[in-house]
K.L.:
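Have a look at the structure that comes next, please.
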Amino acid sequence: MTWSATARGAQQPDNTAFTQQRLPAWQPLLSASIALPLFFCAGLAFIGLGLGLYYSSNGIKELEFDYTGYPGTSNCTVCAEAGQGRAPPPRCSCAWYFTLPELFQGPVYLYYELTNYYQNNRRYGVSRDDSQLSGMASALRHPVNECAPYQFSSAGLPIAPCGAIANSLFNDSFSLWHQRGPGGSYVEVPLDRTGIAWWTDYHVKFRNPPLVNGSLALAFRGTAPPPNWHRPVYALSPDINNTGFINQDFVVWMRTAALPTFRKLYARIRQGNYTAGLPRGSYRVDITYNYPVRAFGGQKRIIFSSISWMGGKNPFLGIAYLVVGSLCILMGFVMLVVYIRFQDQHDEDEDEE
Amino acid sequence: TVYDQWFITLFNIIYTSLPVLAMGIFDQDVNAQSGMDYPQLYEPGQLNLLFNKREFFICMLHGIYTSLVLFFIPYGAFYNLAGEDGGHIDDYQSFAVTIATSLIIVVSVQIALDTSYWTVINHVFIWGSIAIYFSILFTMHSNGIFGIFPRQFPFVGNARHSLTQKCIWLIILLTTVASVMPVVAVRFLKVDLFPTLSDQIRQRQKAQKKSRPLRSRRPQTRRSSSRRSGYAFAHQEGYGELITSGKNMRAKNPPPTSGLEKTVYNSTGWIENLCKKTTDTMSNFSQDKTVK
């Protein structure tokens with residue numbers, strides 16, 4: 001019963017497929033033959049994936065040590081006590097001795113972990129100047145206002161790098177020593193400190209300002225280091241490719257973490273005799289304790305870890321997949337029962353047709 | 001904020017406006033012919049059943065649930081996450097990119113579920129929005145634009161780095177499925193247990209399309225349409241005489257006919273009639289079911 005007029009009026013819309021809503025279209029209907037297999041397949045796939053992720057995560061080995069220095073936990077307590085209430089805290093060292101009963105499969109990664117440290121605080125997170133860090137000469141001596149109060153030094157010089165994130169650079173350092181045989185001497189394990197930052201961070205986002213007369217120190221003339229730093233930014237490392245704004249530790253630190261408990265890569269152990277991993281034996285880690293965290297109830301840890309195809313040790317994703325997969329299968333069964341019970345009514349209607 | 005500033009700005013303008021527009025313009029649940037044959041389809045609109053406080057509340061609950069899933073699944077997965085090369089990827093920017101990508105995919109899948117009439121334009125707008133999101137994402141995280149405006153685009157390198165990690169995509173997949181599966185399940189159960197007239201007609205349409213060659217077995221359908229047109233146009237003489245004489249009715253179903261008789265002659269108002277007839281149709285449906 002379509003409305004067909006004998007003569008077209010002036011206001012009558014066109015009788016095309018577009019204007020009369022007759023475009024060719026796919027009209028899917030959510031029927032049982034689509035929904036039920038979908039739920040069951042998705043559920044089974046997710047359970048399989050969850051099991052794979054869970055076992056993969058369980059297979060990752062991790063060794064961690066809390067060296068914050070709360071009384072009774074480690075011999076870094078001395079350093080923690082000495083640093084209370086003084087900024088910058090005095091230099092102090094402590095050590096951690098551990099034994100590996102078997103080979104720690106390589107390549108081994110060394111991380112430092114901080115807890116209760118809110119790098120995702122908004123005021124903290126915007127306190128940086130990306131133009132200055134990208135090496136633009138015009139921005140070097142004109143840090144942006146968000147960096148305040150770490151924008152200009154007490155003498156009125158612009159701070160490079162400005163901001164609270166740069167000022168709070170993590171400056172503990174670690175070295176690993178391996179004892180060959182009982183009672184033997186300790187040999188240093190080479191730590192590969194290169195390539196710990198993202199490629200784009202190191203090559204694009206962070207660049208040093210143009211050299212003046214071939215010297216980086218001259219390029220930074222007229223700026224001051226952040227208040228909490230022991231050394232100016234151009235003296236962070238003797239290696240010219242690892243100093244200034246492109247220092248790898250600095251770049252890793254400037255990539256702010258999302259959650260209050262985070263770990264950042266310190267070094268990889270994959271050189272020399274240790275490419276296959278850390279062999280069994282006794283080890284010592286010398287820690288230079290510079291970074292004060294006890295004031296805000298934070299904790300510091302050092303972690304040795306291996307890596308699998310899905311990253312570090314994190315059972316959450318495997319468990320979440322298992323849960324969602326099981327729920328899918330459960331819902332599938334519920335829907336199947338409902339569908340079968342009401343199947344009779346559907347059949348009656350169809351017979352009637 | 002969790003998201004990148006640019007994402008928040010562009011979300012409503014570019015990423016999600018077009019699919020909604022296409023749905024508003026082109027969506028049809030039943031075709032024009034069925035709309036004329038079954039005027040009760042217009043009743044939910046008249047009785048304000050489709051958007052009232054209850055529906056709004058349910059939408060809000062759905063939104064809250066999706067937000068919780070979108071945040072807490074990446075939150076749990078990002079705890080001590082490390083990349084495939086050992087480097088850390090649990091930074092704020094990767095977190096933002098993961099949640100933003102999951103969000104775009106979830107809303108696109110959601111509107112794909114809600115669209116029941118897929119013209120070419122719907123396809124282009126929905127898949128195109130996702131494609132536009134990814135192209136804008138990679139552009140904003142590219143080296144070139146960082147070189148021009150370093151302060152405005154600090155996310156350089158992020159999309160390339162995090163979206164090439166397998167675990168990020170696993171997180172996105174899990175978030176999408178966890179957000180969408182309850183909707184699919186609820187919808188399926190609702191259509192199975194409490195089908196609306198629109199659902200029944202759509203199923204009938206689909207069945208008709210399938211059984212088109214069996215056109216010879218159509219007297220039943222003709223009977224039902226004459227029932228409908230009988231009380232749609234009650235202000236005209238209509239087919240009352242035809243029906244009450246029982247000439248085109250099957251002998252074994254007198255009760256529906258008498259119901260019709262009552263309603264045709266009790267015209268106290270057009271709307272009242274329509275309501276009565278609708279309840280009669282519904283009771284006819286259920287009566288037919290119980291008779292069988």
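Predicted, not measured: the structure shown is a model, and the values here were computed from it. We name chains A, B, ... by the order of the sequence lines, and we start the count at 1 in each one.
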K.L.:
Tell me, side chain or backbone of Leu53(A) under 4.5 Å from chain B's heavy atoms, or both, or neither?
P.N.:
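Side chain of Leu53(A) only, per the 4.5 Å heavy-atom cut-off to chain B.
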K.L.:
Check the surroundings of atom CZ in Phe149(B): do more than 12 heavy atoms from other residues, nucleotides or ligands lie under 6.0 Å from it?
P.N.:
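Atom CZ in Phe149(B) is not packed in, count stays at 12 or less.
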K.L.:
So which residue, Glu113(A), Met331(A), Met335(A), ends up with the most heavy-atom pairs under 4.5 Å with chain B?
P.N.:
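Of Glu113(A), Met331(A), Met335(A), Met335(A) has the most heavy-atom pairs under 4.5 Å with chain B.
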K.L.:
Among Asp199(B), Asp90(B), Asn122(B), who wins on heavy-atom pairs under 4.5 Å with chain A?
P.N.:
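Highest number of heavy-atom pairs under 4.5 Å: Asp90(B).
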K.L.:
Sub-3.5 Å donor-acceptor pair from the side chain of Lys205(A) to the main-chain atoms of Val156(B), do we have one?
P.N.:
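No.
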K.L.:
Taking atom OH of Tyr65(B) as the centre, report whether more than 12 heavy atoms of other residues, nucleotides or ligands fall under 6.0 Å from it.
P.N.:
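Result for OH/Tyr65(B): enclosed.
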K.L.:
Sort Ala197(A) into side chain, backbone, both or neither according to what part of it lies under 4.5 angstrom from a heavy atom of chain B.
P.N.:
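For Ala197(A), neither part sits under 4.5 Å from chain B.
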K.L.:
So does His142(A) have more than 12 non-hydrogen atoms from other groups sitting under 6.0 Å from NE2?
P.N.:
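Not buried by this count: 12 neighbours or fewer within 6.0 Å.
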K.L.:
Kindly compute the distance separating CG (Leu38(A)) from CZ (Phe188(B)), expressed to the nearest 0.5 Å.
P.N.:
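If we round to the nearest 0.5 Å, Leu38(A):CG and Phe188(B):CZ are 11.0 Å apart.
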K.L.:
To check you understand the geometry: which heavy-atom pair defines the closest contact between Cys167(B) and Leu317(A), and what is its length?
P.N.:
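Taking every non-hydrogen atom into account, O-CD2, 4.2 Å.
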K.L.:
List the atom of Trp198(A), the atom of Ser94(B), and the distance in Å for their closest heavy-atom pair.
P.N.:
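Heavy-atom minimum between the residues: CH2-OG, 3.4 Å.
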K.L.:
Quick one: list whatever passes salt bridge (charged side-chain N to carboxylate O under 4.0 Å, His left out) with Asp91(B), sequence neighbours left out.
P.N.:
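Asp91(B): salt bridge (charged side-chain N to carboxylate O under 4.0 Å, His left out) contacts with Arg255(A).
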K.L.:
For His161(B) and Trp199(A), run side-chain contact (heavy atoms from CB on, under 4.5 Å): C-alpha distance rounded to whole Å, both residues' side-chain angles, the deciding distance at 0.1 Å, then the answer.
P.N.:
CA-CA 9 Å; His161(B) 196 266; Trp199(A) 191 94; over 6 Å; no
K.L.:
Does a side-chain heavy-atom distance below 4.5 Å link Trp26(A) with Ser116(B)?
P.N.:
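They are not in contact (no side-chain heavy atoms under 4.5 Å apart), so the answer is no.
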K.L.:
Between atom CD of Gln27(A) and atom OH of Tyr117(B), what is the distance when rounded to the nearest 0.5 Å?
P.N.:
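The OH atom of Tyr117(B) is 5.5 Å from CD of Gln27(A), to the nearest 0.5 Å.
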K.L.:
Are Phe46(A) and Leu173(B) close enough that some pair of their side-chain heavy atoms sits under 4.5 Å apart?
P.N.:
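Sidechains of Leu173(B) and Phe46(A): in contact.
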K.L.:
Who are the ring pair (Phe, Tyr, Trp, His ring centres under 6.0 Å) partners of Phe155(B), not counting sequence neighbours?
P.N.:
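Expected list: His141(B).
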K.L.:
Taking all heavy atoms of Asp130(A) and all of Phe146(B), pick out the closest pair and write down the distance.
P.N.:
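Result for this residue pair: O-CZ, 4.5 Å.
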K.L.:
What part of Leu327(A) gets within 4.5 angstrom of chain B, counting heavy atoms only: side chain, backbone, both, or neither?
P.N.:
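The answer is neither part of Leu327(A).
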K.L.:
Find the distance between CZ (Phe342(A)) and CG (Leu189(B)) and round it off to the nearest 0.5 Å.
P.N.:
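Answer rounded to 0.5 Å: 10.0 Å.
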K.L.:
Identify which of Ala257(A), Ala320(A), Ser306(A) forms the greatest number of heavy-atom pairs closer than 4.5 Å to chain B.
P.N.:
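Among Ala257(A), Ala320(A), Ser306(A), the one with the most close pairs to chain B is Ala257(A).
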K.L.:
Please report the interatomic distance OH(Tyr92(B)) to CG(Asn120(A)), rounded to the nearest 0.5 Å.
P.N.:
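Interatomic distance, Tyr92(B) OH to Asn120(A) CG, rounded to 0.5 Å: 9.5 Å.
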K.L.:
Judged by atom type as modelled, is there a donor-acceptor pair below 3.5 Å linking the side chain of Tyr321(A) to the main-chain atoms of Leu170(B)?
P.N.:
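Answer holds: yes.
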K.L.:
Quick check on Lys206(B): does its NZ atom have over 12 non-hydrogen neighbours (other residues, nucleotides or ligands) under 6.0 Å away?
P.N.:
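Enclosed: over 12 neighbouring heavy atoms sit under 6.0 Å from NZ of Lys206(B).
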K.L.:
Counting heavy-atom pairs closer than 4.5 Å to chain A, which one of Gly147(B), Ala96(B), Ala77(B), Gly157(B) comes out on top?
P.N.:
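Option with the top pair count is Ala77(B).
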K.L.:
Drop me the distance from Thr200(A)'s OG1 to Asn158(B)'s CG, to the nearest 0.5 angstrom.
P.N.:
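With rounding to 0.5 Å, OG1 (Thr200(A)) is 7.5 Å from CG (Asn158(B)).
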K.L.:
Between Ala178(B) and Val324(A), what is the shortest heavy-atom contact and its length?
P.N.:
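Heavy atoms of Ala178(B) and Val324(A) come nearest at CB-CG2, 4.3 Å.
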K.L.:
I'd like to know which of Arg263(A), Met310(A), Arg122(A) tops the heavy-atom pair count under 4.5 Å against chain B.
P.N.:
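Of the candidates given, the most pairs with chain B belong to Arg263(A).
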K.L.:
So with a 6.0 Å cut-off around CZ of Phe40(A), is the heavy-atom count from everything else above 12?
P.N.:
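Counting neighbours around CZ of Phe40(A), more than 12 heavy atoms of other residues, nucleotides or ligands fall under 6.0 Å, so yes.
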K.L.:
Less than 4.5 Å to any heavy atom of chain A: does that hold for the side chain of Val184(B), its backbone, both, or neither?
P.N.:
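Both the backbone and the side chain of Val184(B) come within 4.5 Å of chain A.
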K.L.:
Are any of the side-chain heavy atoms of Phe78(B) and Phe262(A) separated by less than 4.5 Å?
P.N.:
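Contact flag for Phe78(B)/Phe262(A) side chains = no.
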K.L.:
What residue in Ser131(A), Gly325(A), Gly312(A) has the most heavy-atom pairs under 4.5 Å with chain B?
P.N.:
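Top option by heavy-atom pairs under 4.5 Å: Ser131(A).
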K.L.:
Examine whether an atom of Val252(A) lies under 4.5 Å from a heavy atom of chain B, and if so say whether it belongs to the side chain, the backbone or both; otherwise answer neither.
P.N.:
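Looking at Val252(A), backbone and side chain both touch chain B.
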K.L.:
Got a donor-acceptor contact below 3.5 angstrom from the Arg202(B) side chain to the Pro28(A) backbone?
P.N.:
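Yes, because the side chain of Arg202(B) sits within donor-acceptor range (under 3.5 Å) of the backbone of Pro28(A).
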K.L.:
Do the side chains of Lys166(B) and Trp309(A) get nearer than 4.5 Å, heavy atoms only?
P.N.:
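Yes - at least one pair of side-chain heavy atoms lies under 4.5 Å apart.
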K.L.:
Need one label for Ile168(B): side chain, backbone, both or neither, based on atoms under 4.5 Å from any heavy atom in chain A.
P.N.:
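Neither part, no heavy atoms under 4.5 Å.
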K.L.:
Report which part of Tyr75(B) has an atom under 4.5 Å of a heavy atom belonging to chain A: side chain, backbone, both, or neither.
P.N.:
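Both parts, heavy atoms under 4.5 Å.
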K.L.:
Please rank Ser134(A), Cys328(A), Ala25(A), Ala139(A) by heavy-atom pairs under 4.5 Å with chain B and give me the top one.
P.N.:
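That would be Ala25(A).
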K.L.:
Quick one: what part of Phe95(B) sits under 4.5 Å from any heavy atom of chain A, side chain, backbone, both or neither?
P.N.:
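Side chain only.
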K.L.:
Looking at every heavy atom in both Met181(B) and Phe39(A), which two are closest together, and how far apart are they?
P.N.:
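Scanning both residues completely, I find the closest heavy atoms to be O-CZ, 3.5 Å.
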K.L.:
Please lay out, stage by stage, how Val338(A) and Leu193(B) fare under the test side-chain contact (heavy atoms from CB on, under 4.5 Å).
P.N.:
CA-CA 8 Å; Val338(A) 165; Leu193(B) 294 175; 3.6 Å; yes
K.L.:
For the side chain of Asn314(A) and the backbone of Tyr79(B), is there at least one donor-acceptor N/O pair under 3.5 Å apart?
P.N.:
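Judged by distance alone, yes, a pair lies under 3.5 Å.
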K.L.:
Measure the CZ-CD distance between Arg151(B) and Glu146(A) for me, rounded to the nearest 0.5 Å.
P.N.:
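It comes to 8.0 Å.
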K.L.:
Just so I understand: if I count every heavy-atom pair under 4.5 Å between each of Arg207(A), Met136(A), Arg268(A) and chain B, which residue has the most?
P.N.:
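Top count of heavy-atom pairs under 4.5 Å with chain B: Arg268(A).
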K.L.:
Search all heavy atoms of Lys264(A) against all heavy atoms of His88(B) and return the closest pair with its distance.
P.N.:
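Looking at all heavy atoms of both residues, the closest pair is NZ-NE2, 4.2 Å.
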